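See below for the structure under consideration.
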Amino acid sequence: MTNWQLIKNGIFAENTIFKLAISLCPSIAVTNSVKNGFVLGIAVLFVQTMVNVTVSAMRNIINSKIRIPVFMLVISGWVTVVDMIVAAMAPEAYKQIGLYIQIIVAFASILARAEVFASKNTFVPSMFDGIGMGIGFMVALVIISFFRELLGRGSLWGFAFVDFKPLLIMIMPAGGFFAVGILMAFFNWMELRGGKAPSHH
Amino acid sequence: MSEAAQHQLIVSVSPHIKSEETVSQIMWTVSAALLPAFLASAYFFGPRGLIVQLVTIASCLAFEAFSQKVVNKPVTLSDGSAFLTGLLLAFNLPANIPLYVPIVGSFVAISITKHLFGGLGYNIFNPALVGRAFVLISWPRQMTTWMAPVSSFTSVDVVSQATPLNVAKLDGMAKLLEQFDGSKIQLYKSLLMGQISGSLGETSALLILIGGLFLLFKKYITWHVPVPFIATVVIVALVTGNDPVFHLLAGGLMLGAFFMATDYVTGPATRRGQIVFGVMCGLLTMLIRLKGGYPEGVMFAILIMNCFAPLLDRRLRTTTFGAVKKKEAST
């Protein structure tokens with residue numbers, strides 16, 4: 001696969017949330033506003049890329065019997081970096097999603113890519129795989145939070161269109177499940193219909 | 001040709017004796033059992049109540065046709081299931097609800113709860129109740145602004161009034177009794193006849209009860225769900241020192257116990273499972289009524305127990321006749 005194909009693979013064919021259906025916990029917990037979804041998406045994009053790069057660079061010196069603890073150490077190291085950066089640069093958003101940035105450590109998607117891709121591939125493809133998976137995750141969070149914030153709060157990025165809440169359930173956890181499920185069904189339907197991955201939402 | 005060939009023995013799997021009853025016949029009969037309560041809601045809430053009923057039923061039928069068209073299934077509006085869902089959903093709405101609420105509720109009930117799970121017979125949750133839960137959470141204010149019954153069909157004055165359960169929860173029973181001149185008999189009578197504010201179909205306990213008894217008589221439902229459900233509510237009310245008659249007649253207990261918890265699709269199929277289902281519905285209802293944030297708990301109780309219906313069926317299955325019990329691990 002070329003580098004470009006690796007990125008596209010992460011966004012469409014193996015989209016973390018809509019296709020692999022992993023790391024669903026943050027996709028519901030933080031997506032009640034576009035801003036939160038976007039900030040967490042950026043954080044995951046960064047961690048995913050750096051973890052892939054680091055694991056790929058270390059792949060020949062990691063003893064395969066203890067590879068999972070080593071991956072976890074690498075992941076938690078980069079998560080700590082992101083945690084401190086977000087706390088310093090975006091303190092408002094950090095107050096709401098700080099907890100979720102810390103539990104990026106436990107995201108299945110990140111460990112999965114370290115195991116199935118970065119530990120078996122060279123430096124450059126691993127980086128592009130990390131970028132693709134990270135962008136795919138971020139795009140998914142932004143799409144989900146777009147609908148949830150628009151319907152649940154009547155606003156986008158904190159900018160209110162109406163002064164009432166059109167469909168309150170959408171910013172509650174139950175609405176998050178509805179949004180993820182319906183979007184997942186929609187993308188699968190688009191794919192079946194068009195015979196290829198949708199290029200836009 | 002020999003005699004034997006003419007009377008060929010056909011060996012097929014059970015069931016061998018087929019009933020005349022069809023799904024659509026059951027659906028329309030259940031709808032007919034709700035007719036008295038339907039007429040009463042028109043009488044108590046006037047034209048506004050009728051409009052809500054018609055809009056809900058029409059949008060349920062429209063979403064049924066739409067959902068079936070989308071997935072290229074035959075459109076089966078005449079089986080009455082969408083009509084019944086619409087009727088039950090409307091019974092759970094206040095009469096002065098803005099009309100977009102029943103339309104969204106119908107979409108959630110029919111398209112999401114029923115057809116996304118595979119259509120009639122495949123849904124896990126009662127469609128009308130999910131539709132109601134969805135709109136209750138989305139528009140809590142509109143859904144809890146109850147209209148007091150109008151004095152006559154042509155009356156145009158709309159007075160909003162809290163439901164008896166709401167008053168009892170927030171201000172206590174004493175305050176509620178004041179509304180009825182301090183007489184418990186007067187309160188019970190109003191609850192029984194439906195001279196109270198509330199959702200369209202839950203006001204007159206008596207008329208719902210008549211419909212429910214009709215279904216019991218026709219053997220469309222059995223006592224195994226409604227009786228344990230209602231009995232549990234009464235027993236819990238007695239044990240906790242609340243007024244059992246009030247909890248029996250107020251809110252949606254009769255409607256829920258006879259028409260919603262008895263749904264063939266979303267409830268257990270085994271008798272023992274149904275009894276446990278009913279008891280648990282009653283316990284959850286009283287837990288929510290007495291300790292929860294909402295004044296009425298019938299809807300959430302039934303929805304929660306819908307999740308457990310398959311489990312109840314599996315755990316409480318009776319041993320098949322002649323089956324040998326698996327040997328316990330030898331000691």
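Values in this document were obtained by computation on a predicted structure and should not be read as measured data. Here is the naming used below: chain letters follow the sequence lines, and residue numbers restart at 1 for every chain. Scope of the values below: all heavy atoms of this structure, side chains included, with no hydrogens, waters or symmetry mates.
- Side-chain contact between B/F134 and B/L129 is absent, with no heavy-atom pair separated by less than 4.5 Å.
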Could you list each donor and acceptor atom pair linking chain B to chain A at less than 3.5 Å?
from, atom 1, to, atom 2, distance (Å)
B/W139, NE1, A/P166, O, 2.9

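- Residue contact with chain A, scored on non-hydrogen atoms closer than 4.5 Å, is absent for B/L136.
- Residues A/F137 and A/L45 fail the side-chain proximity criterion, which asks for heavy atoms closer than 4.5 Å.
- Residue pairs that meet the salt bridge (Lys or Arg N to Asp or Glu O under 4.0 Å) test with at least one member in residues 297-307 of chain B, sequence neighbours left out, do not exist here.
- A/M138 places none of its side-chain heavy atoms less than 4.5 Å from the side chain of A/V44.
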Full working for side chain to side chain contact (heavy atoms under 4.5 Å, CB included) between B/L284 and B/F300: CA-CA 8 Å; B/L284 286 169; B/F300 288 116; over 6 Å; no
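- Smallest separation of non-hydrogen atoms from A/P166 and A/G154: CD-N, 3.6 Å.
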What side-chain donor-acceptor pairs closer than 3.5 Å can you find for residues 250-257 of chain B, not counting sequence neighbours?
none

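- Residue-level contacts of residues 175-185 of chain A with chain B, in order of numbering, are A/F178, A/I182; threshold 4.5 Å between heavy atoms.
- In this structure, the side chain of B/N92 engages the main chain of B/L88 through a donor-acceptor pair within 3.5 Å.
- B/T266 is not listed as a side-chain neighbour of B/L303, based on a closest heavy-atom distance of 4.5 Å or more.
- For B/F107 and B/F63, the ring centers sit closer than 6.0 Å to each other.
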